[in-house]
2 protein chains.
Amino acid sequence: MTETKPRYHHGDLPSTLLHSARVLLEQDGIAALKLRAITRHAGVSATAATPHFGNLSGVLSALAAIGFNELTAAMSNTAHKTMRDIGLAYIRFAIANPGLFTLMFRNDSVDRTTPDLKNASEKALACLAHLPSDTPSSSPLDKAAQMASAWAKVHGLAILAIDGQLQALTPQPLTPILLEKLLANTLSLK
Amino acid sequence: MTETKPRYHHGDLPSTLLHSARVLLEQDGIAALKLRAITRHAGVSATAATPHFGNLSGVLSALAAIGFNELTAAMSNTAHKTMRDIGLAYIRFAIANPGLFTLMFRNDSVDRTTPDLKNASEKALACLAHLPSDTPSSSPLDKAAQMASAWAKVHGLAILAIDGQLQALTPQPLTPILLEKLLANTLSLK
DNA sequence: GGGGCATCTTTACAGTGTAAAAATATAAAG
DNA sequence: CTTTATATTTTTACACTGTAAAGATGCCCC
């Protein structure tokens with residue numbers, strides 16, 4: 001629809017395809033991420049993605065890499081580099097892009113050996129893993145445990161929020177405002 | 001293979017199919033959970049599952065329900081009803097049954113409105129949600145935050161463990177023994 | 001201009017899920 | 001025991017899917 005410059009046969013097809021994939025993902029969920037649906041949406045033939053991405057997994061891996069880059073950006077834009085703020089940025093990203101977030105951690109749809117994806121995901125993980133720890137850690141295993149604890153809580157919370165399972169924990173219906181408060185409270189717990 | 005009593009046409013096909021599905025899941029991962037592969041493995045025609053489960057989603061939902069029941073049993077068999085022991089049971093189950101655990105939380109493969117699955121998953125959640133809290137909570141939102149924190153940490157840890165991403169946090173290679181220690185340490189953190 | 005080549009389309013094929021109709025065996029009724 | 005009804009399974013058919021292989025298309029650079 002809104003290509004920048006139609007230079008080659010069809011403009012730069014790779015970004016067009018990724019755009020289509022993202023639209024479909026947001027519109028109809030992760031089940032709609034079929035190769036033929038993506039190429040159909042982009043207005044090209046069914047196999048047009050092959051020279052650029054190889055196969056479906058290639059397209060989805062590229063899209064997942066974009067997601068990790070955006071997630072990294074969101075975490076980097078926080079004012080305070082605290083567990084609470086970075087965690088909130090992480091979870092807000094997940095809630096704002098549930099389909100993309102799900103795809104990013106879907107091992108069977110995505111090829112994690114792709115260099116782009118590997119780099120992008122490692123950068124995002126680094127933002128979470130190198131949070132300043134409040135309690136001094138003695139052994140390396142303790143340090144790992146602290147990082148695992150933070151990363152697990154944030155990631156777990158994001159998943160629960162996306163799946164709507166946090167609803168089950170509160171008596172009252174969970175409005176967006178209340179959800180934010182719940183997340184902040186949860187992240188503030190040590 | 002090992003039917004109890006071959007009464008009907010083919011024995012009780014439902015459990016045979018679920019057994020086949022589970023074998024395929026453990027052998028070849030979640031991508032192998034095709035309806036035709038399951039029926040082929042069970043030695044019946046491609047559409048034999050229809051009268052019992054309706055469609056593929058029905059089979060997978062039933063299998064996921066079994067998983068939740070086993071998870072509940074694992075958590076109920078712990079000696080101490082502490083965050084640490086119940087959490088460890090939860091994560092050990094995930095590590096022992098990675099495919100099944102993944103399936104259980106896969107929203108697009110599974111139909112959560114199925115009564116069996118809904119009941120089973122709610123029971124499992126209840127085991128985690130009603131842990132004794134160490135710090136007295138004032139508001140209901142605080143209580144929800146405490147439950148969310150525990151549930152998120154345990155679930156997040158399980159996912160990280162399954163994906164092998166805990167490896168990235170430790171300098172040394174993560175042997176099973178070291179993994180157990182890391183999990184215990186992480187769960188002991190408040 | 002005219003090769004060379006990346007890009008895209010066409011065609012073909014093996015799989016998939018599942019709806020519909022036909023076949024089969026069990027259970028129930030007479 | 002025979003006959004009917006019903007639940008179970010198979011057969012058939014169809015619209016999909018991903019992708020390999022071969023053919024067309026148009027850009028780039030010498």
Side-chain angles (χ1 to χ4, degrees), chain A residues 1 3-21 23-25 27-64 99 103 106-111 114, chain B residues 1 3-21 23-25 27-64 103 106-111 113-114:
Chain A
M1 293 290 174
E3 285 94 273
T4 49
K5 23 182 177 170
R7 292 174 41 213
Y8 263 126
H9 294 196
H10 244 274
D12 58 340
L13 192 49
S15 43
T16 302
L17 286 172
L18 290 176
H19 174 71
S20 290
V23 169
L24 288 174
L25 177 60
Q27 271 182 5
D28 306 328
I30 214 165
L33 281 183
K34 322 262 186 197
L35 190 48
R36 285 177 119 104
I38 295 168
T39 53
R40 205 181 302 136
H41 184 275
V44 292
S45 77
T47 61
T50 308
H52 307 286
F53 297 102
N55 53 15
L56 172 61
S57 175
V59 181
L60 301 189
S61 301
L63 185 56
L103 175 69
R106 192 86 160 242
N107 285 334
D108 59 335
S109 312
V110 140
D111 178 11
T114 305
Chain B
M1 293 293 174
E3 284 95 88
T4 49
K5 24 180 177 170
R7 293 174 41 213
Y8 265 125
H9 293 197
H10 244 274
D12 58 339
L13 193 48
S15 43
T16 302
L17 287 171
L18 290 176
H19 174 71
S20 290
V23 170
L24 288 173
L25 177 60
Q27 271 183 5
D28 306 328
I30 214 166
L33 281 183
K34 321 263 187 195
L35 189 47
R36 286 176 117 104
I38 296 168
T39 53
R40 205 182 301 135
H41 184 275
V44 292
S45 77
T47 61
T50 308
H52 307 286
F53 297 102
N55 53 15
L56 173 61
S57 174
V59 181
L60 301 190
S61 300
L63 185 56
L103 175 68
R106 194 85 160 239
N107 285 334
D108 59 338
S109 312
V110 140
D111 178 12
T113 66
T114 304

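The chains referred to below are lettered A, B, ... by the order of the sequence lines, with proteins before strands, and numbering in each begins at 1. A quick note: this is a predicted structure, and the numbers were derived from the prediction, not measured.
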Whole angstrom is fine here: how far is it from [atom1] in [X] over to [atom2] in [N]?
X       : N      : atom1 : atom2 : result
A:Arg36 : D:dA15 : CZ    : P     : 14 Å
B:Lys34 : D:dG18 : NZ    : P     : 10 Å
B:Leu56 : C:dA19 : CG    : C1'   : 15 Å
B:Leu13 : C:dT24 : CG    : P     : 18 Å
B:Ile38 : D:dT9  : CD1   : C1'   : 17 Å
B:Leu33 : C:dG15 : CG    : P     : 18 Å
B:Phe53 : D:dT8  : CZ    : P     : 12 Å
A:Leu35 : C:dC8  : CG    : P     : 14 Å

Please tell me if [X] has a side-chain N or O lying less than 4.0 Å from either OP1 or OP2 of [N].
X       : N      : result
B:His52 : D:dA7  : no
A:Arg40 : D:dG18 : no
A:Asn55 : D:dG18 : no

Please list, one pair per line, the donor and acceptor atoms closer than 3.5 Å that link side chains of residues 48-58 of chain B to other protein atoms, with sequence neighbours excluded.
| residue | atom | partner | partner atom | Å |
| --- | --- | --- | --- | --- |
| B:Thr50 | OG1 | B:Thr47 | O | 3.0 |
| B:Asn55 | OD1 | B:Ser57 | N | 3.4 |
| B:Asn55 | OD1 | B:Gly58 | N | 3.1 |

- request: List for me each residue that meets side-chain hydrogen bond (donor to acceptor under 3.5 Å, both in side chains) alongside A:Ser109, sequence neighbours excluded, and say none if there are none.
  value: none
- prompt: Closer to the 5' end of DNA chain D via nearest nucleotide, is it A:Ala37 or A:Thr50?
  reply: A:Ala37
field: Side-chain donor/acceptor contact of A:Thr47 with base of C:dT10 under 3.5 Å
entry: yes
query: Is a side-chain donor or acceptor of A:Thr16 paired with a backbone partner of A:Ala42 at a separation under 3.5 angstrom?
result: no
query: What are the two closest non-hydrogen atoms of A:Leu13 and A:Val44, and how far apart are they?
result: CD1-CG1, 3.9 Å
